Amino acid sequence: MNNAKLLKIYSEAGRLFNQKGYANTKMKEIAKASGIAVGTMYSAFTGKDAVLSFVICATLDKTYLSSEILFPIKPIETPKLIMLLTKVIDNEFGSVLNITDNKGNVCKDFMKLMDELFDLFADYLLALDNVEKNGDILEELSKIYWPQKLAYFEKLGAHLRLYMENGQIRKLTNIPPHVLFLTNTLTWWALNSNLSFPNEPIPRDEAKEICMGIIKRGYQL
């Protein structure tokens with residue numbers, strides 16, 4: 001199977017698992033959406049569980065799809081997926097959410113943080129959302145994911161308070177709803193807009209420009 005077909009399976013399976021859930025997604029639906037025969041799906045993957053772990057792995061590890069992949073693809077071992085998820089959370093999100101220097105001074109402005117969060121969600125949300133929505137299947141990953149999501153919400157709320165104190169954004173009350181709104185806006189334009197309208201995809205740069213415009217108008221002074 002060539003890389004173009006494998007990439008199509010990756011994107012369509014990720015979308016279907018995200019929107020319908022693992023239990024309600026059939027292999028024949030993935031095959032149809034990917035433009036291949038059902039028999040070809042079963043030649044490429046040992047089963048639906050292998051497809052889901054493939055989507056998670058390919059999202060968290062950007063080198064995976066370009067590596068030498070053995071067919072049929074088997075379910076990827078959970079310890080490997082845990083390692084990849086932990087690495088993304090600690091390294092990628094940890095770096096982006098670090099907005100102060102060692103003296104506690106703000107060194108990353110508000111719009112720079114929003115810009116970097118958009119890119120993170122565009123890169124990794126297909127895996128994170130599938131872990132969240134299919135937690136009964138990806139139980140061990142879900143146990144890692146949920147505490148980190150809650151920590152993200154708390155940290156972003158603290159950052160908004162810092163930005164208010166530094167005069168970078170307008171005064172806000174009831175911080176939690178703003179944290180949720182910003183996250184929903186970023187994730188919608190970074191990925192979910194294209195999952196909802198797969199036949200009318202929005203180029204990433206264009207989606208980012210729209211998203212940043214909405215946030216800038218709503219929050220900057």
Side-chain angles (χ1 to χ4, degrees), residues 1-22 25-93 95-96 116-134 137-138 140-142 144-145 187 189-208:
M1 177 174 288
N2 62 41
N3 286 345
K5 287 184 178 179
L6 204 56
L7 182 60
K8 184 67 172 175
I9 293 171
Y10 161 74
S11 60
E12 294 297 341
R15 176 180 65 83
L16 289 167
F17 287 141
N18 184 286
Q19 292 183 327
K20 299 185 63 176
Y22 178 83
T25 300
K26 310 299 182 186
M27 286 286 274
K28 64 181 181 181
E29 291 180 281
I30 299 172
K32 182 178 179 180
S34 304
I36 62 174
V38 176
T40 303
M41 271 300 293
Y42 281 105
S43 295
F45 295 89
T46 58
K48 191 168 67 169
D49 54 343
V51 181
L52 179 60
S53 65
F54 161 78
V55 169
I56 302 298
C57 183
T59 305
L60 297 177
D61 180 2
K62 298 307 179 185
T63 67
Y64 178 68
L65 283 174
S66 60
S67 66
E68 185 175 347
I69 297 174
L70 299 178
F71 295 95
I73 297 173
K74 300 177 181 179
I76 296 166
E77 295 181 354
T78 299
K80 179 177 180 179
L81 296 179
I82 289 174
M83 181 271 292
L84 291 172
L85 177 61
T86 302
K87 183 178 179 181
V88 166
I89 290 170
D90 290 347
N91 295 349
E92 304 298 334
F93 278 86
S95 175
V96 167
E116 292 183 3
L117 281 174
F118 178 96
D119 286 336
L120 274 184
F121 287 131
D123 286 340
Y124 298 111
L125 190 62
L126 192 62
L128 301 180
D129 262 9
N130 269 302
V131 169
E132 178 173 335
K133 294 176 180 179
N134 298 293
I137 303 298
L138 302 167
E140 291 185 58
L141 294 178
S142 183
I144 295 171
Y145 167 80
T187 55
W189 289 105
L191 178 68
N192 292 324
S193 57
N194 284 341
L195 292 184
S196 298
F197 302 97
N199 296 324
E200 301 179 56
I202 302 173
R204 179 165 169 167
D205 289 347
E206 182 179 336
K208 187 175 186 179

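All figures in this text were calculated on a predicted structure; none of them were measured in a lab.
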Can you name the closest pair of heavy atoms from P72 and S43 and give their distance? CB-O, 3.4 Å
Counting neighbours of NZ on K32 that are heavy atoms of other residues, nucleotides or ligands and sit closer than 6.0 Å, is the number greater than 12? no
How long is the span from the CD1 atom in I82 to the CG atom in L60, to the nearest 0.5 Å? 11.5 Å
For I144, the option from L138, V131, I89 that meets side-chain contact (heavy atoms from CB on, under 4.5 Å): I89
Side chains of I202 and F197 in contact at under 4.5 Å (non-hydrogen atoms): no
Nearest 0.5 Å, what's the CD1-CE distance between I30 and M27? 6.0 Å
Within the 4.5 Å heavy-atom criterion, are L195 and D129 side-chain neighbours or not? no
If you apply the rule side-chain contact (heavy atoms from CB on, under 4.5 Å), what do you find for T59 with N130, and how did you get there? CA-CA 11 Å; T59 305; N130 269 302; over 6 Å; no
Taking distance alone, no hydrogens or angles, what donor-acceptor pairs closer than 3.5 Å link side-chain atoms of residues 44-53 to residues at least two apart or in another chain?
| unit_1 | atom_1 | unit_2 | atom_2 | d |
| --- | --- | --- | --- | --- |
| T46 | OG1 | I73 | O | 3.4 |
| K48 | NZ | Y22 | O | 2.7 |
| K48 | NZ | T25 | O | 2.8 |
| S53 | OG | D49 | O | 3.4 |
| S53 | OG | A50 | O | 3.1 |
| S53 | OG | I76 | N | 3.0 |

Atom CD in E29, atom CD in E12: separation rounded to 0.5 Å? 11.5 Å
Pair M41-I9, side-chain contact (heavy atoms from CB on, under 4.5 Å): steps then yes or no: CA-CA 9 Å; M41 271 300 293; I9 293 171; 3.9 Å; yes
From F17 atom CZ to L126 atom CG, the distance as rounded to the nearest 0.5 Å: 10.5 Å
Should Y145 and L141 count as side-chain neighbours, where that means a heavy-atom distance under 4.5 Å? no
What's the shortest heavy-atom distance between A122 and A190, and which atoms? N-CB, 3.6 Å
Distance-minimising heavy-atom pair for C57 and L84: SG-CD1, 3.9 Å
Using a 4.5 Å cut-off on heavy atoms from C-beta on, say whether the side chain of L85 contacts that of L128. yes
Smallest separation among heavy atoms of A58 and L65, with atom names: CB-CG, 3.9 Å
Rounded to the nearest 0.5 Å, what separation is found between the CZ atom of F93 and the CD atom of E116? 11.5 Å
Kindly give the heavy-atom pair with the smallest separation between I36 and K5, and that separation in Å. CG2-CD, 4.4 Å
Tightest non-hydrogen contact, residues K8 and A33, listed as CE-O, 3.5 Å
Please tell me if the side chains of R204 and N194 come closer than 4.5 Å, counting only heavy atoms from C-beta onward. no
Any side-chain heavy-atom pair of Y64 and F54 under 4.5 Å: yes
Between S196 and S193 (side chain of the first, backbone of the second, donor and acceptor by atom type, cut-off under 3.5 Å), is there such a pair? no
Spacing of NZ belonging to K20 relative to NZ belonging to K26, to within rounding of 0.5 Å: 8.0 Å
